[in-house]
There are 2 protein chains.
Amino acid sequence: MARTKSPNYEAQQQNILENAARLFAEQSFPSASIAQLAELCGMSKPLLYHYYRDKSHLLFDIADTYVDKLVGIVDAAARQGLPADAHLRLLIERFMEEYASSRHYHMVLVQDVKFLGETERKQVKAKQAGVVAAFAELIARLRPELPAAQVKPVTMTLFGMMNWTFTWFRADGAIDRAGMARIVSQLFLHGVYGCGEGTDYEQVSEGVPR
Amino acid sequence: MARTKSPNYEAQQQNILENAARLFAEQSFPSASIAQLAELCGMSKPLLYHYYRDKSHLLFDIADTYVDKLVGIVDAAARQGLPADAHLRLLIERFMEEYASSRHYHMVLVQDVKFLGETERKQVKAKQAGVVAAFAELIARLRPELPAAQVKPVTMTLFGMMNWTFTWFRADGAIDRAGMARIVSQLFLHGVYGCGEGTDYEQVSEGVPR
DNA sequence: CCTACCGATCGGTAGG
DNA sequence: CCTACCGATCGGTAGG
């Protein structure tokens, strides 16, 4: 009888991916060493190569599973049938919530995807473009008066507001991720003149199923 | 007699710095090789080490000269004695204008400063914190009603709007850097509901000396 | 200002 | 003839 895969195979693979994401985020992909990763995972290099055929496949798996998660959030929000502004606020909430647990994955997506081979890089970039397109369509629906040439810049500026949090936001401050989502929504929709006491939205995710 | 420095010494150093910034931005500091840099600069490795004592000193010079430039922009804008909202719009314009020619320097500042030694890293980070503090004070002056805990998050969100342009903005599109500055100012002050045809500010930099 | 090197470490794989 | 795993070392290249 052929032996089956260890019941821990997937768990081991997940553990490696988690450690690799952290290492790549901290040191950048090319300078993170496989020896170091293997040590972090408590295994020998040959055993690590049993789970991942090479270093770049590890990078692809990190980026691809993470971008799939973002696509999933976009799709789930679209199924709620909300009006445009509530839809956008829900998306911002869900992204900021996801970001709380995806720091290293996101940093790898931003700074290391360029080190993938062309085929794999294009696959990740295409999914990423889908996420951006969903936000852009929603913004165009929200503000039909917005000149077409401004939709992309405005959309990317919203991503800047959210994604820049990875460079400075720490959960130990006075504001948590849910609070950050409200600040981003409020700033993006109404600007700083629309921010401050008593101008907050309530969370739109209350009572919305995942 | 001691030999004098070549009259081209500073020019050579500048050329090296420019090429190094590009290489570090593209490949990340640890994986960019000195041999590759020397070849780009058309010189041997030993000659390159004549201008810069080691790899990390090159990284420090890139980050430090660039952050000094940003501090200079902040100081020059403060000397204009403008009201808070015009002051902020001028700062956003000047930053976006500077960003047009500082792509690689900025990317190195964001992604590679962590590879500096502690002393040098702290020096750069302190200057960077000064730039952020100047924006934060201005925003607090613009919106005194803003709860103190929100000033830092709102300020960093503005930096997100500007700094994220390095990941997507290309000058060949329908919108140029001056147009991007107007979009960022408009979004930050009045939100997307305040954007669109006929809601644009004129440039505040018209007639303002540098 | 060059060629020639160093100690160390890289990603990946051999035999068992 | 498979999967799981080790100690040791491969050919090349890094910063200096």
Side-chain angles (χ1 to χ4, degrees), chain A residues 1-17 19-63 108 112-117 120-121, chain B residues 1-13 15-17 19-63 108 112-117 120:
Chain A
M1 260 181 70
R3 288 174 60 182
T4 54
K5 276 181 182 173
S6 156
N8 286 329
Y9 192 88
E10 275 80 17
Q12 278 282 51
Q13 211 159 15
Q14 182 60 31
N15 178 248
I16 293 168
L17 212 63
N19 280 302
R22 181 155 48 92
L23 209 59
F24 294 172
E26 284 168 358
Q27 305 186 11
S28 93
F29 174 74
S31 63
S33 83
I34 294 291
Q36 202 175 358
L37 176 59
E39 204 193 327
L40 270 173
C41 299
M43 54 179 72
S44 66
K45 276 199 294 174
L47 180 52
L48 196 151
Y49 275 97
H50 173 67
Y51 292 98
Y52 282 98
R53 97 177 72 91
D54 59 29
K55 202 186 176 192
S56 97
H57 184 236
L58 209 41
L59 173 57
F60 174 73
D61 205 6
I62 292 167
V108 169
D112 290 319
V113 162
K114 63 185 172 212
F115 298 114
L116 279 173
E120 298 174 313
R121 193 176 62 246
Chain B
M1 260 182 72
R3 289 175 58 181
T4 54
K5 279 178 181 174
S6 156
N8 287 328
Y9 191 88
E10 274 79 18
Q12 279 281 53
Q13 211 159 16
N15 177 249
I16 294 169
L17 212 64
N19 281 301
R22 180 155 49 91
L23 209 58
F24 294 172
E26 283 168 359
Q27 305 186 11
S28 88
F29 174 75
S31 64
S33 84
I34 293 291
Q36 202 176 358
L37 176 59
E39 205 193 327
L40 269 174
C41 298
M43 55 180 70
S44 66
K45 278 196 291 174
L47 180 51
L48 196 150
Y49 276 97
H50 173 66
Y51 292 98
Y52 282 97
R53 95 178 75 92
D54 59 28
K55 204 187 177 194
S56 94
H57 185 236
L58 209 40
L59 173 57
F60 175 71
D61 205 6
I62 292 167
V108 169
D112 290 319
V113 162
K114 62 185 171 209
F115 298 113
L116 279 173
E120 297 174 312

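Lettering of chains follows the sequences in order, A, B, ..., and the numbering in each one begins at 1.
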K.L.:
In whole angstrom, give me the gap between the P atoms of dA8(D) and dG12(C).
P.N.:
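It comes out at 22 Å once rounded to the nearest Å.
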
K.L.:
Going by side-chain contact (heavy atoms from CB on, under 4.5 Å), name the residues that satisfy it together with Q14(A), two or more places apart in sequence or in a different chain.
P.N.:
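For Q14(A) the side-chain contact (heavy atoms from CB on, under 4.5 Å) partners, ignoring immediate neighbours, are E18(A), Y105(A).
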
K.L.:
Under 3.5 Å, which donor-acceptor pairs do the side chains of residues 20-30 of chain B form with other protein atoms, sequence neighbours left out?
P.N.:
from, atom 1, to, atom 2, distance (Å)
R22(B), NH2, N19(B), OD1, 2.8
S28(B), OG, S28(A), OG, 3.0
S28(B), OG, S31(B), OG, 3.3

K.L.:
Below 3.5 Å is the cut-off: list the nitrogen or oxygen pairs between protein and nucleotides 10-13 of chain C, distance only.
P.N.:
from, atom 1, to, atom 2, distance (Å)
dG11(C), OP1, A32(A), O, 2.9
dG11(C), OP1, K55(A), NZ, 2.7
dG11(C), OP2, I34(A), N, 2.9
dG12(C), OP2, Y49(A), OH, 2.8
dG12(C), OP2, K55(A), N, 3.1
dG12(C), N7, K45(A), NZ, 3.3
dG12(C), O6, K45(A), NZ, 2.1

K.L.:
Who are the side chain to side chain donor-acceptor pair (under 3.5 Å) partners of Y52(B), not counting sequence neighbours?
P.N.:
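So Y52(B) forms a side chain to side chain donor-acceptor pair (under 3.5 Å) with D61(B).
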
K.L.:
Given atom CG of L58(B) and atom C1' of dG16(D), what is their separation to the nearest angstrom?
P.N.:
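Taking CG of L58(B) and C1' of dG16(D), I get 14 Å after rounding.
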
K.L.:
Can you tell me which stems DNA chain D forms, taking runs of 3 or more consecutive Watson-Crick or G-U pairs with both distances under 3.5 Å?
P.N.:
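The stems that DNA chain D takes part in number none, since no run reaches 3 pairs.
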
K.L.:
Could you tell me whether the side chain of Q12(B) reaches within less than 4.5 Å of the side chain of M43(B), counting heavy atoms only?
P.N.:
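Sidechains of Q12(B) and M43(B): in contact.
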
K.L.:
Using side-chain heavy atoms (C-beta onward) and a distance below 4.5 Å, is L37(B) in contact with L58(B)?
P.N.:
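Of all side-chain heavy-atom pairs linking L58(B) with L37(B), at least one is under 4.5 Å.
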
K.L.:
Measure the distance from OH on Y51(A) to P on dA4(D) and round it to the nearest whole Å.
P.N.:
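Atom OH in Y51(A) sits about 6 Å away from atom P in dA4(D).
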
K.L.:
Could you check how far CE of M43(B) sits from P of dT3(C), rounded to whole Å?
P.N.:
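From M43(B) CE to dT3(C) P: 15 Å.
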
K.L.:
Of all residues at least two apart in sequence or in a different chain, which pass the side-chain contact (heavy atoms from CB on, under 4.5 Å) check with K45(B)?
P.N.:
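Applying side-chain contact (heavy atoms from CB on, under 4.5 Å) to K45(B) gives I34(B), A35(B), A38(B).
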
K.L.:
Quick one, H57(B) and Y51(B) - any side-chain contact, counting heavy atoms below 4.5 Å?
P.N.:
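H57(B) does not reach Y51(B) side chain to side chain.
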
K.L.:
Tell me the interatomic distance from Y52(B), atom OH, to dG15(D), atom C1', rounded to whole angstroms.
P.N.:
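Checked: the OH to C1' distance equals 18 Å.
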
K.L.:
Without decimals, in angstroms, what is the distance between L48(A) CG and dC6(D) P?
P.N.:
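Going from CG in L48(A) over to P in dC6(D) covers 11 Å.
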
K.L.:
Is there side-chain contact between Q13(B) and I16(B), with heavy atoms separated by less than 4.5 Å?
P.N.:
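The answer is no; the side chains never approach within 4.5 Å.
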
